[in-house]
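Scope of the values below: all heavy atoms of this structure, side chains included, with no hydrogens, waters or symmetry mates. Throughout, protein chains are lettered first and strands after them, A, B, ... in sequence-line order, and every chain is numbered starting at 1.
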2 protein chains.
Amino acid sequence: MVYGDHVEDRPVFDAASAEPLYMQVADYIEGQVKAGNIARGQRLPSERDMGEYYGVAYQTVRRAMRELRERGLVESVLGKGTFITKK
Amino acid sequence: MVYGDHVEDRPVFDAASAEPLYMQVADYIEGQVKAGNIARGQRLPSERDMGEYYGVAYQTVRRAMRELRERGLVESVLGKGTFITKK
DNA sequence: ATGCATTTGTCCGTATGTATG
DNA sequence: TCATACATACGGACAAATGCA
């Protein structure tokens, strides 16, 4: 999947929420995977692209990715990208 | 020496290490020279071949060669190859 | 003299990792 | 949180020099 393809509406994240932005992003992506909208083994868009797409900063996406790595949902490979773990 | 001849086990480089990959490669080759496993004046395998052999990208090998040139351990000649300096 | 293969050299694009303000 | 910069790493493409048939 490439951002630009229309798969679902861009989610709206609330910077004023008690829930940190990066957590909202992480939860959203986890939800997309669990809903089957993002396949296992699939590569996510670059962190920079996700930042633009979601309207949040690069570092916020990085925090979200770190969160997802800790949850075991994704794996990041330097120079290649971030991938949804097989299971 | 050609890679394919068995001289020593392929080293395993750790992409997750704090030590950059190119530095690990450079250090390994310097170690091989100092250990006498690679002779002075000898030509190294091509940078592309070393990349395949070591499981790293061509540009990463190039970076390692630059490091070794700066250390004075090797000299590169366009069209010919990279050679271990006499001293 | 003319190709052809080999090798180093250069550049670009993409991506993650780290650090700073 | 955001913006920016730099380092590291990979992949592809092309150029330049060398050597050989």
Item to check | Between C:dT16 (C1') and A:L44 (CG): distance, integer Å | outcome: 13 Å

Item to check | Base D:dG12 paired with B:Q59 side chain (donor-acceptor, <3.5 Å) | outcome: yes

Item to check | base_contact_polar (D:dG12 base, B:Y58 side chain, donor-acceptor, <3.5 Å) | outcome: no

Item to check | Out of D:dG11, D:dT8, C:dT8, whichever nucleotide has its closest atom nearest the side chain of B:A57 | outcome: D:dG11

Checklist entry - Side chain of A:R69: nearest nucleotide among C:dT7, D:dT8, C:dG17? => result C:dG17

Checklist entry - When you measure from the side chain of B:T85 to the backbone N and O of B:G72, does any donor-acceptor pair fall under 3.5 Å? => result yes

Next on the checklist: Does D:dG19 have OP1 or OP2 under 4.0 Å away from a side-chain N or O of B:K80?
Outcome noted: yes

Item to check | B:Q24 side chain to B:E19 backbone, donor-acceptor under 3.5 Å | outcome: yes

Checklist outcome for this item: B:D49 CG to C:dT6 P, in whole Å, measures 10 Å

Checklist outcome for this item: Exactly one candidate in A:V61, A:L68, A:T60 meets side-chain contact (heavy atoms from CB on, under 4.5 Å) with A:Y22; the answer is A:T60

Item to check | Separation of atom OH in B:Y22 from atom P in D:dC10, rounded to whole Å | outcome: 13 Å

Checklist entry - Counting only side-chain N and O atoms of A:R62, is one of them less than 4.0 Å from OP1 or OP2 of C:dG17? => result yes

Checklist outcome for this item: Rounded to whole Å, the CZ-C1' distance (B:R63 to D:dA7) equals 9 Å

Item to check | End axis versus end axis in the helix from C:dT2-D:dA21 to C:dG21-D:dC2, the angle rounded to 10°, five pairs used at each terminus | outcome: 10°

Checklist entry - Going through the distances and angles, do B:R63 and B:L21 end up as a side-chain contact (heavy atoms from CB on, under 4.5 Å)? => result CA-CA 9 Å; B:R63 189 75 180 73; B:L21 260 183; over 6 Å; no

Item to check | Distance test, side-chain N/O of A:T82 to OP1/OP2 of C:dA15, below 4.0 Å | outcome: no

Item to check | Basic-acidic side-chain contact under 4.0 Å: B:R66, B:E70 | outcome: yes

Item to check | Protein-nucleotide distance (B:Q24, atom CD; D:dA9, atom P), rounded to Å | outcome: 8 Å

Checklist entry - So, for B:E30 and B:L73, which heavy atoms are closest and what is the spacing to 0.1 Å? => result CA-CD2, 3.7 Å

Checklist entry - From the list D:dC10, D:dT1, C:dT8, which nucleotide is the closest neighbour of the side chain of B:V56? => result D:dC10

Checklist entry - Which atoms form the tightest heavy-atom contact between B:K80 and B:R43, and what is the distance? => result O-CD, 3.7 Å

Item to check | Nucleotide D:dT18, atom P - distance to CG of B:L78 in whole Å | outcome: 6 Å

Next on the checklist: Any side-chain N or O of A:T60 below 4.0 angstrom from OP1/OP2 of D:dC2?
Outcome noted: yes

Item to check | Protein-nucleotide distance (B:L21, atom CG; C:dG17, atom C1'), rounded to Å | outcome: 13 Å

Next on the checklist: Measure CD/A:E47 against P/D:dA5 and give the value in whole Å, please.
Outcome noted: 19 Å

Checklist entry - Is A:D27 paired with A:R71 through a side-chain N to carboxylate O contact shorter than 4.0 Å? => result yes

Checklist entry - Are OP1 or OP2 of D:dG19 and a side-chain N or O of B:R43 less than 4.0 angstrom apart? => result no

Next on the checklist: C:dT8, OP1 or OP2 - any side-chain N/O from B:R66 closer than 4.0 Å?
Outcome noted: no

